[in-house]
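Residues: numbered from 1 along the sequence shown.
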Amino acid sequence: RDRSPSRGLGDVYKRQIEKHIKPKLGDYELEELSPLVLQNFMLEEIEHGNLKTGDYLATNTVVILVNLLKLVIGQAKVYEVTDKDNTGKIRCPFIEATKVTAFERDEQEKLEKYCLRSKKTNHLGIVVCLYTGLRIGELLALCWSDIDFKNGIISINRSSQYLADMGVFTKVPKTESSIREIAIPEFIVSLLEEYKLWYEEQKSIYGELWTNSDRLFVQADGKPMHPSTISKWFVKYVGQIGLPVINFHGLRHTNASLLVAQNIDIAVISARLGHAQISTTLDFYVHPLLSHNRKAGYALENLLLPTRS
């Protein structure tokens, strides 16, 4: 089932209103939302808004809350429900952005080595993401018809998502640039061919109990996999094998960073990742590998030291 990509965002807004805004500001009249009230609300959320830990709230959630307040109160003013809008006076202290993390080259090799020992769905998904940079929703939406085994191409044209009232479903990508083709090496083609044989065996074993979704990465009975299932498992798995614990999206960062380290044109990397602008690739997804950071330092040392008197 394809759904508008805005549906998920609407649910995010609804959850943030119910979890954060209504409990703290729900008893105020619009005229009572003074600059001080709004500022104190935001500061409290920033410092203690994480409902699970009581710690600081993630930067992107803070931004959502500020934008929601501006949107709602702004519309109330447009419709003359109130003549006051103090949201423009909210000031958020600088919050250090969450550090983008990726595996170093040796860590990536270790992860790949462990995953290749298994033919399980989750392990293959990790390897595919390391070589393609797919988002988790794109990975779980892949169908066998998206794999061109002859030419070594994976087509990305949908994303898998979960909503409580809809279950797991597919939607169109958020931007046109997300619809793309990614070339894969013969090594990955061979892995997918082997996996397809195992996949067909599973179908035969389950018979009528098999859910024929045609997706590559599924549960044992063929049902679409919940996005959080593999992401939660991944965090535990990397810790168990002695690697730094990063989230599943870190595989995407790792893919981009390793391609940059191999001097692949940034425009090609950006296209493979499905970014609309090259600046996005540079600003958010290219993690400076420590090994190359050191090489940069040594290069300057070699350049500058001979000139010192």
Side-chain angles (χ1 to χ4, degrees), residues 5 98-113 115-116 121-143 146-148 151-161 170-192 195 215-217 225 227 230-231 233-235 237-238 243-244 246-289 291-292:
T98 301
K99 185 178 179 181
V100 172
T101 52
F103 290 115
E104 291 288 325
R105 175 66 179 175
D106 59 330
E107 295 167 344
Q108 174 265 322
E109 289 177 347
K110 180 177 180 179
L111 176 61
E112 185 176 335
K113 180 180 179 180
C115 288
L116 290 176
T121 297
N122 291 1
H123 295 92
L124 178 62
I126 290 175
V127 177
V128 170
C129 283
L130 281 172
Y131 280 81
T132 61
L134 293 183
R135 302 175 178 95
I136 189 169
E138 294 171 339
L139 176 76
L140 297 183
L142 282 178
C143 293
D146 298 322
I147 312 299
D148 184 341
N151 296 305
I153 298 290
I154 292 180
S155 297
I156 309 300
N157 47 53
R158 70 186 75 82
S159 180
S160 184
Q161 185 175 333
T170 58
K171 65 173 186 175
V172 295
K174 58 184 179 180
T175 62
E176 287 187 14
S177 58
S178 293
I179 300 175
R180 61 201 190 277
E181 294 183 341
I182 300 175
I184 54 175
E186 292 183 8
F187 160 68
I188 297 297
V189 172
S190 297
L191 284 179
L192 290 173
Y195 176 67
R215 298 202 200 183
L216 270 72
F217 301 101
M225 189 179 294
I230 191 170
S231 60
W233 167 85
F234 176 77
V235 171
Y237 180 69
V238 293
L243 289 175
I246 66 175
N247 61 29
F248 195 90
H249 202 70
L251 296 173
R252 183 168 165 85
H253 298 312
T254 301
N255 172 268
S257 300
L258 292 175
L259 289 176
V260 169
Q262 293 300 311
N263 297 316
I264 303 299
D265 190 299
I266 196 66
V268 174
I269 299 173
S270 184
R272 285 175 64 90
L273 293 174
H275 291 157
Q277 299 180 355
I278 293 177
S279 59
T280 303
T281 313
L282 290 170
D283 292 343
F284 299 106
Y285 288 91
V286 179
H287 171 81
L289 295 174
S291 56
H292 287 266

- Compare every heavy atom of Ala276 with every heavy atom of Ser177, then report the nearest pair and how far apart it is. OG-N, 3.2 Å
- Nearest-0.5 Å distance, CD of residue Gln262 to OG of residue Ser257: 12.0 Å
- Any side-chain heavy atom of Phe248 within less than 4.5 Å of one from Arg135? no
- Query: Roughly how far, to the nearest 0.5 Å, is OG of Ser178 from CG of Asn157?
  - Reply: 11.0 Å
- Task: With sequence neighbours excluded, tell me which residues meet side-chain hydrogen bond (donor to acceptor under 3.5 Å, both in side chains) with Asp265.
- Result: none
- Item | Donor-acceptor pair between Gln108 and Glu104 side chains, under 3.5 angstrom | no
- Separation between CD1 of Ile136 and CE of Met225, rounded to the nearest 0.5 Å: 9.0 Å
- Is a side-chain N or O of Arg158 found less than 3.5 angstrom from the main chain of Ala141, in a donor-acceptor match? yes
- Item | Worked check of side-chain contact (heavy atoms from CB on, under 4.5 Å) between Phe103 and Leu258 | CA-CA 9 Å; Phe103 290 115; Leu258 292 175; over 6 Å; no
- Item | Test side-chain contact (heavy atoms from CB on, under 4.5 Å) applied to Thr132 and Glu138, step by step | CA-CA 11 Å; Thr132 61; Glu138 294 171 339; over 6 Å; no
- Just checking, any donor-acceptor pair under 3.5 angstrom between side chains of Ser160 and Arg215? yes
- Rounded distance (nearest 0.5 Å) linking atom CG of Asp146 with atom CD1 of Ile154: 8.5 Å
- Do Phe234 and Ile126 come within less than 4.5 Å of each other through their side chains, counting heavy atoms only? yes
- Can you check whether Leu191 reaches Leu124 side chain to side chain, under 4.5 Å on heavy atoms? yes
- Query: Do you know which two heavy atoms are closest between Val235 and Val238, and how far apart they sit?
  - Reply: O-CG2, 3.4 Å
- Query: Salt bridge between Lys110 and Glu107, side-chain N to carboxylate O under 4.0 Å?
  - Reply: no
- Message: Any carboxylate oxygen within less than 4.0 angstrom of a Lys/Arg side-chain nitrogen, looking at Glu181 and Arg272?
- Response: no
- Item | Salt-bridge present (Glu109, Arg105; N to O < 4.0 Å) | yes
- Query: Is there side-chain contact between His275 and Ile269, with heavy atoms separated by less than 4.5 Å?
  - Reply: no
- Query: Can you tell me how far NE2 of His249 sits from OG1 of Thr101, rounded to the nearest 0.5 angstrom?
  - Reply: 10.0 Å
- Got a donor-acceptor contact below 3.5 angstrom from the Ser270 side chain to the Ile266 backbone? no
- Step by step, would you call Val128 with Phe217 a side-chain contact (heavy atoms from CB on, under 4.5 Å)? CA-CA 11 Å; Val128 170; Phe217 301 101; 4.2 Å; yes
- Side chains of Arg180 and Ile182: does their closest heavy-atom pair fall under 4.5 Å? yes
- Item | Gap separating the CD1 atom of Ile147 from the CD1 atom of Ile184, nearest 0.5 angstrom | 6.0 Å
- Item | side chain to side chain contact (heavy atoms under 4.5 Å, CB included) partner of Leu251, the single match among Ile246, Leu111, Leu139, Leu134 | Leu111
- Message: Taking the side chain as everything from C-beta on, heavy atoms only, tell me whether Leu192 gets closer than 4.5 Å to Leu216.
- Response: yes
- Item | With Tyr237 via ring-ring contact (aromatic ring centres under 6.0 Å, His included) - residues at least two apart | His123, Trp233
- Are the side chains of Asn255 and Leu273 in touch, meaning some heavy atoms are under 4.5 Å apart? yes
- Asn151 and Asp148 have their tightest heavy-atom pair at ND2-OD2, 2.9 Å
